Engineer: 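One structure follows; several queries about it will come next.
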Amino acid sequence: MIENRIQELVTILNKANYEYHTLDQPTLTDQEYDKYLRELIELEEQYPDLIVADSPTQRIGGEVIDEFNKVVHEVPMLSLSNVFNEDEIVLFDERVKKVVTNPTYVCELKIDGLSVSLLYQDGKLVRAATRGDGMVGEDITHNVKTIKNIPLTLTEKVDIEVRGEIYMSKKAFTRLNEERLVAGEVPFANPRNAAAGSVRQLDSKIAAKRNLSAFLYHLPSASAYGIHTHYESLEYMQKLGFTTNPNIRLVGNIDELLEYVDNWTTDRDSLPYEIDGIVIKLNDLQDQERLGYTIKYPKWATAYKFPATLVLTKLKEIKFTVGRTGQVTPNAMLEPVILMGSTISKTTLHNEEYVTSRDIRIGDTVAIKKAGDVIPEVVEVVADRRDGSEIPFEMTQTCPICHSDLVKKEAAYYCVNPHCDAKRIEGLIHYASRDTLNIDGFGDNIVEDFYNMGYLKHVSDFYHLKEHKKELMQLEGFGKKSIENLLQAIEDSKQNPLDRLLFALGIRYVGKKTAKILAREFGHIDALAKASYDDLVAIRDIGEVIAQSVSLYFQDPDHLAEIKRLKLAGVNMSYQEEYEFNSEFQDKTFVLTGSLQSITREAAKEKIEIMGGTVTGGVSKKTDVVIVGEKPGSKYKKAQALGIEIWTEEEFLAKCQ
């Protein structure tokens with residue numbers, strides 16, 4: 001019978017679509033599929049009354065609607081709270097642990113697309129809706145039917161609602177924009193906008209041509225189907241014929257969770273679709289109910305958002321500042337914007353040439369990013385947003401603090417006034433900072449106040465503040481306890497090793513790493529002070545510029561006098577080797593992957609750095625060693641493929657002895 005043959009063809013083709021689009025395991029060749037599809041189309045043209053709702057021919061589009069009808073969600077489609085860094089993920093875990101003992105989580109890639117709710121009755125798709133405001137969405141059923149990996153009929157005749165994300169692959173996005181350019185149309189900015197624009201077409205034929213896809217990730221009433229965990233609900237949805245993301249992972253602790261986040265932060269560009277973060281969900285459904293909800297968010301889930309690599313903001317003003325070396329630097333004062341988890345309102349513009357070569361002007365819209373994922377910088381100007389009110393840059397010729405004439409050295413301008421207040425204050429702040437002598441309690445404002453009151457003029461003056469204890473306790477905002485804490489922090493700072501002191505002294509070009517190299521090489525500040533230029537330049541990683549700077553520093557009588565005052569105050573001048581020299585670590589680059597059992601990641605990183613190594617986040621050809629804990633991720637596989645040396649946690653700890 002014709003009706004039986006039509007149903008047989010529909011079954012064959014729908015099975016082939018599922019195998020191809022959902023399982024990625026096709027059993028029919030393209031030629032076989034096309035042959036069956038042509039036969040079905042011919043039969044349906046002859047017998048239109050026999051067309052069934054789940055026929056693959058219904059996916060080609062053709063339905064045109066006048067407007068989008070509103071849909072009220074029976075269960076609200078809540079958004080998720082966001083976290084932006086590892087510390088905030090740990091805080092989320094700690095909040096969960098206040099209610100749940102030994103929680104497990106499901107980690108999912110956060111697909112950058114458009115949320116959708118799918119409603120099935122007796123196993124048939126009857127409605128698809130956008131999220132809207134979470135309470136009311138729009139009916140987009142006519143367009144969703146054209147998405148090939150969304151089943152029109154499920155493998156079971158159930159009444160069910162599922163939720164997921166409609167997206168456009170990178171390949172489909174590139175092809176669509178190429179077609180739009182040929183047609184003289186404006187290309188889409190990104191795949192998410194393209195997907196959102198496609199599902200909101202009144203004519204479903206347009207959506208059908210856009211090659212959209214979907215991942216399903218949530219079953220709102222899972223317990224009604226005898227399901228006890230979120231992971232089980234994902235397995236059940238896959239059994240019904242839905243596409244779930246293959247990179248979902250069930251993790252048993254915070255270390256595994258952070259490893260998953262770390263891996264996909266590094267590897268997300270390898271995916272054929274865009275993701276903008278990681279979704280973290282408590283696995284047990286009863287535990288989810290125990291945690292409950294806020295007005296806006298479930299307390300049992302959160303979304304880690306990948307740091308924005310490039311954002312736009314307005315440059316409101318350019319201010320000049322004086323550093324501890326006297327260099328005068330232009331700084332961009334920005335409209336505050338979140339970049340890679342941090343709110344950025346100011347960034348350096350480096351020097352005159354940096355600004356003029358990019359034609360950066362006050363009032364410009366600028367693109368900023370974080371260099372090395374740490375320091376924000378202005379990358380470029382969005383020139384087509386200028387309206388003529390922008391003010392061209394002019395480099396100041398005088399110190400913004402003492403108003404002395406500046407001297408240009410190479411690309412930078414310097415205040416050479418030895419009595420400039422700004423230079424001295426910056427030097428004092430640097431001396432007390434966390435990365436140098438870490439004198440706890442001496443923030444920028446306190447240092448500046450003590451300088452203006454006359455208590456601090458030289459770094460050695462820190463060690464004489466105890467002579468003014470009674471006077472300091474009378475100052476507004478200070479009491480006996482706070483002053484005693486400051487004085488104790490000063491006393492503690494005397495025991496810092498030589499490398500921290502060298503960094504604290506503010507020798508030009510001597511940063512944290514260089515200070516450690518010099519301290520390890522010479523052992524005592526007196527030996528370093530006597531070293532010649534030739535002695536210095538002969539050291540690995542000490543170039544001519546650094547050697548000259550260090551040599552000149554120790555030839556200055558004022559510097560030598562200050563070092564003598566520090567000695568008399570009891571400040572340590574020797575290098576205290578925390579570990580014996582170990583060639584297994586020195587000058588090597590390490591990557592950590594998997595869950596470490598006997599040591600925290602932070603402690604492992606600290607050990608490596610103390611012994612002269614460097615820790616990075618991603619595996620590359622420049623990586624020397626990958627340290628592997630339990631359940632390692634993609635970094636382990638990549639290290640194997642590149643032939644990189646691999647240590648177990650036990651091997652790593654043994655080498656640290």
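Everything numeric here is computed off the predicted structure, so don't read it as measured data. Residue indices begin at 1 and follow the sequence shown.
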Engineer: As a quick check of understanding, evaluate salt bridge (Lys or Arg N to Asp or Glu O under 4.0 Å) for K423 and E426, giving each step before the final call.
Structural biologist: CA-CA 5 Å; K423 288 168 61 176; E426 288 297 324; over 6 Å; no
Engineer: Quick one: does D364's side chain have a donor or acceptor within less than 3.5 Å of a partner on I360's backbone?
Structural biologist: no
Engineer: Output yes when a side-chain donor or acceptor of D262 lies under 3.5 Å from a complementary backbone atom of E259, and no otherwise.
Structural biologist: no
Engineer: Going by atom types alone, do D435 and S433 pair a side-chain donor with an acceptor below 3.5 Å?
Structural biologist: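 Distance-only check fails for D435 and S433.
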Engineer: Should D526 and K567 be marked as a salt bridge (Lys or Arg N to Asp or Glu O under 4.0 Å) after you check the CA-CA gap, both sets of side-chain angles, and the distance that decides it?
Structural biologist: CA-CA 11 Å; D526 289 346; K567 283 182 183 178; 2.5 Å; yes
Engineer: Over all heavy atoms of both residues, which pair between S551 and Y533 is shortest? Give the atoms and the distance, please.
Structural biologist: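 Shortest heavy-atom separation between S551 and Y533 comes out as OG-N, 4.3 Å.
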Engineer: What's the verdict on side-chain contact (heavy atoms from CB on, under 4.5 Å) for F450 and L465, showing C-alpha distance, side-chain angles and the deciding distance?
Structural biologist: CA-CA 10 Å; F450 279 24; L465 285 176; 4.1 Å; yes
Engineer: Both conditions, 6.0 Å and 45 degrees, for the charged tip of K170 above the ring of Y273: are they met here?
Structural biologist: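 No, K170 does not lie over the aromatic ring of Y273.
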Engineer: Checking K607 against F585 for the side-chain contact (heavy atoms from CB on, under 4.5 Å) test, could you report, in this order, the C-alpha distance in whole Å, the side-chain angles of both residues, the deciding distance, and whether it holds?
Structural biologist: CA-CA 10 Å; K607 278 181 178 288; F585 294 87; over 6 Å; no
Engineer: Pick one: which of T329, T396, N331 meets side chain to side chain contact (heavy atoms under 4.5 Å, CB included) with F320?
Structural biologist: T396
Engineer: Heavy-atom distance under 4.5 Å between the side chains of F442 and Y431, does that happen here?
Structural biologist: no
Engineer: Dump the intermediate steps for side-chain contact (heavy atoms from CB on, under 4.5 Å) on Y304 and K110, then the final yes or no.
Structural biologist: CA-CA 9 Å; Y304 166 72; K110 189 174 182 297; over 6 Å; no
Engineer: Can you name the closest pair of heavy atoms from T365 and L312 and give their distance?
Structural biologist: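 For T365 and L312, the tightest heavy-atom pair comes out as CG2-CB, 4.2 Å.
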Engineer: Just by modelled atom types, is the V545 backbone N or O under 3.5 Å from a matching donor or acceptor in the S549 side chain?
Structural biologist: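 Side chain of S549 to backbone of V545: no pair is present.
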Engineer: Which atom names give the shortest non-hydrogen contact between L592 and V615, and what distance separates them?
Structural biologist: CD1-CG1, 4.4 Å
Engineer: In the structure I gave you, are the side-chain heavy atoms of E274 and F173 within less than 4.5 Å of one another anywhere?
Structural biologist: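 SC-SC contact between E274 and F173 ruled out.
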Engineer: Okay, side chain of T436, backbone of H430: is any donor-acceptor separation there less than 3.5 Å?
Structural biologist: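 Yes, the answer is positive, given that a donor and an acceptor are paired below the 3.5 Å cut-off.
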Engineer: Between E484 and K481, does a salt bridge (Lys or Arg N to Asp or Glu O under 4.0 Å) hold up when you go through it step by step?
Structural biologist: CA-CA 5 Å; E484 286 178 348; K481 185 64 177 176; 5.0 Å; no
Engineer: Quick one: closest heavy-atom pair of G479 and M473, and the distance?
Structural biologist: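 Where G479 meets M473 most closely, the heavy atoms are O-CG, 3.9 Å.
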Engineer: For a quick test of reading the model, state the closest non-hydrogen atom pair linking F462 to A432 and the distance between them.
Structural biologist: CZ-CB, 4.0 Å
Engineer: Where do A527 and F522 come nearest, in terms of heavy atoms and distance?
Structural biologist: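 What the structure gives for the nearest pair is CB-O, 3.6 Å.
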Engineer: Between the side chain of H464 and the main-chain N/O of A569, is any donor-acceptor distance below 3.5 Å?
Structural biologist: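 A pair under 3.5 Å: no.
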